[in-house]
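This report concerns only the one structure given below.
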Amino acid sequence: MGDRPSVESILARHPFPDYRWLDPTQIVVSQWVRMKCQFGCPHFGRAASCPPNTLSVEDCRQFFREYQRAVAIHFEQVAPEAAARRTWSARTNRALAAVERQAFLAGYPKAFVLFMDSCYLCAECVPQRAECKEPALSRPSPESMAVDVFATVRQVGYPIEVLPDVTAPMNRYAFLLIE
């Protein structure tokens with residue numbers, strides 16, 4: 001089984017220099033996050049890697065308990081217009097999927113990444129997981145797994161605030177879970 005330096009060397013091969021280790025018990029799972037997905041997100045029920053295609057909130061809690069280590073990966077970006085954000089998210093998420101695969105091959109069979117945004121791997125998403133065009137690559141976002149990203153990343157000293165407008169830099173986070 002690999003160790004922390006092996007995961008860090010994988011991250012170094014990608015444009016992900018800003019990351020912090022955390023204990024998966026620090027990942028805060030909250031019902032309010034799922035409510036925000038259901039009542040506020042346009043992807044709810046319309047995207048294969050979003051609720052209701054993800055685990056229940058309690059099953060999300062259990063999922064994180066099965067891991068011994070996690071890495072929070074920070075991305076700061078001025079919120080681009082919708083098409084540019086989609087392109088940036090798709091490119092970043094593909095790279096995150098590659099990190100997960102490399103961690104798996106390095107001896108972490110349970111490696112799993114949560115994307116930093118909605119999947120966006122395809123031009124148009126399907127509403128049912130069984131119809132997903134990229135099932136081997138598609139992953140949920142932290143929010144779709146009921147992660148309170150605000151509370152979680154603040155525990156390890158990362159910045160995150162509600163954006164006052166689209167010109168403010170946004171802080172997005174992905175999570176790599178390993179054991």
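Only heavy atoms go into these numbers, but all of them, side chains included; no hydrogens, no water, no symmetry mates.
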field: Evaluation steps, side chain to side chain contact (heavy atoms under 4.5 Å, CB included), between Val78 and Met170
entry: CA-CA 6 Å; Val78 171; Met170 65 178 174; over 6 Å; no
- prompt: Between Arg172 and Ser89, does a side-chain hydrogen bond (donor to acceptor under 3.5 Å, both in side chains) hold up when you go through it step by step?
  reply: CA-CA 10 Å; Arg172 300 291 305 180; Ser89 293; over 6 Å; no
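- Atom SG of Cys119 and atom CG of Leu137 lie 8.0 Å apart (nearest 0.5 Å).
- Residue Asn93 comes nearest to Ser118 through the heavy atom pair ND2-O, 3.0 Å, listed as atom of the first residue, atom of the second, then distance.
- Note that CD of Gln155 is 8.0 Å distant from OG1 of Thr25, once rounded to the nearest 0.5 Å.
- The residues Arg85 and Asp117 are annotated as salt-bridged, a charged nitrogen and a carboxylate oxygen being separated by less than 4.0 angstrom.
- With respect to Arg61 and Glu66, no salt bridge is recorded, no charged nitrogen being found less than 4.0 Å from a carboxylate O.
- The heavy-atom pair separating Ala174 from Leu96 by the smallest distance is CB-CD1, 3.7 Å.
- With a 4.5 Å cut-off on side-chain heavy atoms, Ser9 and Arg13 count as touching.
- For the residue pair Thr54/Arg129, the side-chain donor-acceptor check at 3.5 Å is not satisfied.
- Between Ala146 and Val57, the shortest heavy-atom distance links the atoms CB-CG2, 4.0 Å.
- Tyr108 approaches Glu179 most closely through the heavy-atom pair CD2-O, 3.2 Å.
- Counting only distance, with no hydrogens or angles, the side chain of Asn53 and the backbone of Gly45 share no donor-acceptor pair below 3.5 Å.
- At least one side-chain heavy atom of Cys122 sits less than 4.5 Å from a side-chain heavy atom of Glu134.
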- request: Determine, stepwise, if the pair Glu58 / Arg65 fulfils salt bridge (Lys or Arg N to Asp or Glu O under 4.0 Å).
  value: CA-CA 11 Å; Glu58 188 51 44; Arg65 286 185 209 128; 3.6 Å; yes
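- At least one donor-acceptor pair closer than 3.5 Å links the side chain of Thr152 to the backbone N or O of Asp148.
- Phe175 meets the ring-ring contact (aromatic ring centres under 6.0 Å, His included) test with no other residue; sequence neighbours excluded.
- Under the 4.5 Å side-chain heavy-atom criterion for grouping Ile, Leu, Val, Met, Phe, Trp and Tyr, Phe150 is connected to Val153 within one hydrophobic cluster.
- Hydrophobic cluster membership is shared by Val162 and Val147, with clusters built from Ile, Leu, Val, Met, Phe, Trp and Tyr side chains linked at under 4.5 angstrom.
- Nearest heavy atom pair, residue Lys133 against residue Pro135, reads C-CD, 3.4 Å.
- Phe112 pairs with exactly one of Phe64, Tyr67, Phe104, Phe63 by the ring-ring contact (aromatic ring centres under 6.0 Å, His included) rule, that one being Phe63.
- More than 12 non-hydrogen atoms from other residues, nucleotides or ligands lie less than 6.0 angstrom from CD of Glu131.
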query: Going through the distances and angles, do Arg91 and Tyr120 end up as a side chain to side chain contact (heavy atoms under 4.5 Å, CB included)?
result: CA-CA 9 Å; Arg91 184 178 58 248; Tyr120 292 129; over 6 Å; no
- request: Just do the side-chain hydrogen bond (donor to acceptor under 3.5 Å, both in side chains) check on Trp21 and Glu8 with the steps written out, would you?
  value: CA-CA 10 Å; Trp21 288 88; Glu8 290 176 352; 2.8 Å; yes
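- Note on Val113: it clusters hydrophobically with Trp88, by side-chain heavy-atom contacts below 4.5 Å among ILVMFWY residues.
- Grouping the Ile, Leu, Val, Met, Phe, Trp and Tyr side chains by contacts below 4.5 angstrom, directly or via other members, places Val33 apart from Leu22.
- Scanning both residues, Met145 and Val29, for their nearest heavy atoms gives O-CG1, 4.2 Å.
- Using modelled atom types, one side-chain atom of Arg154 and one backbone atom of Ile160 make a donor-acceptor pair closer than 3.5 Å.
- If you take CZ on Arg46 and SG on Cys41, they are separated by 9.5 Å, rounding to the nearest 0.5 Å.
- Between the CG atom of Leu55 and the SG atom of Cys60 there is a distance of 4.5 Å, given to the nearest 0.5 Å.
- With hydrogens and angles disregarded, a donor-acceptor distance shorter than 3.5 Å links the side chain of Ser141 to the backbone of Ser144.
- Put simply, the side chain of Tyr19 never gets that close to the backbone of Leu176: no donor and acceptor are under 3.5 Å apart.
- Two residues are said to be in side-chain contact when any heavy atoms from C-beta on lie closer than 4.5 Å; Lys110 and Leu177 fail this criterion.
- Side chain of Arg69 to main chain of Ile178: no donor-acceptor pair is present (N/O by atom type, distance under 3.5 Å, no hydrogens or angles).
- Of the possible donor and acceptor atoms, one in the side chain of Glu81 sits under 3.5 Å from a partner among the backbone N and O of Ala83.
- Glu76 places no side-chain N or O within donor-acceptor distance of the main-chain N or O of Asn171, the cut-off being under 3.5 Å.
- When each of Phe16, Tyr173, Phe115 is paired with Phe75, the ring-ring contact (aromatic ring centres under 6.0 Å, His included) condition holds for Phe16 and for no other.
- Within the 3.5 Å criterion, the main-chain N or O of Glu143 finds no donor-acceptor partner in the side chain of Arg34.
- Arg139 has its side chain out of reach of Leu114: every pair of non-hydrogen atoms, C-beta onward, lies at least 4.5 Å apart.
- Inter-residue side-chain proximity for Leu11 and Ile73 is flagged as met; some heavy-atom pair is nearer than 4.5 Å.
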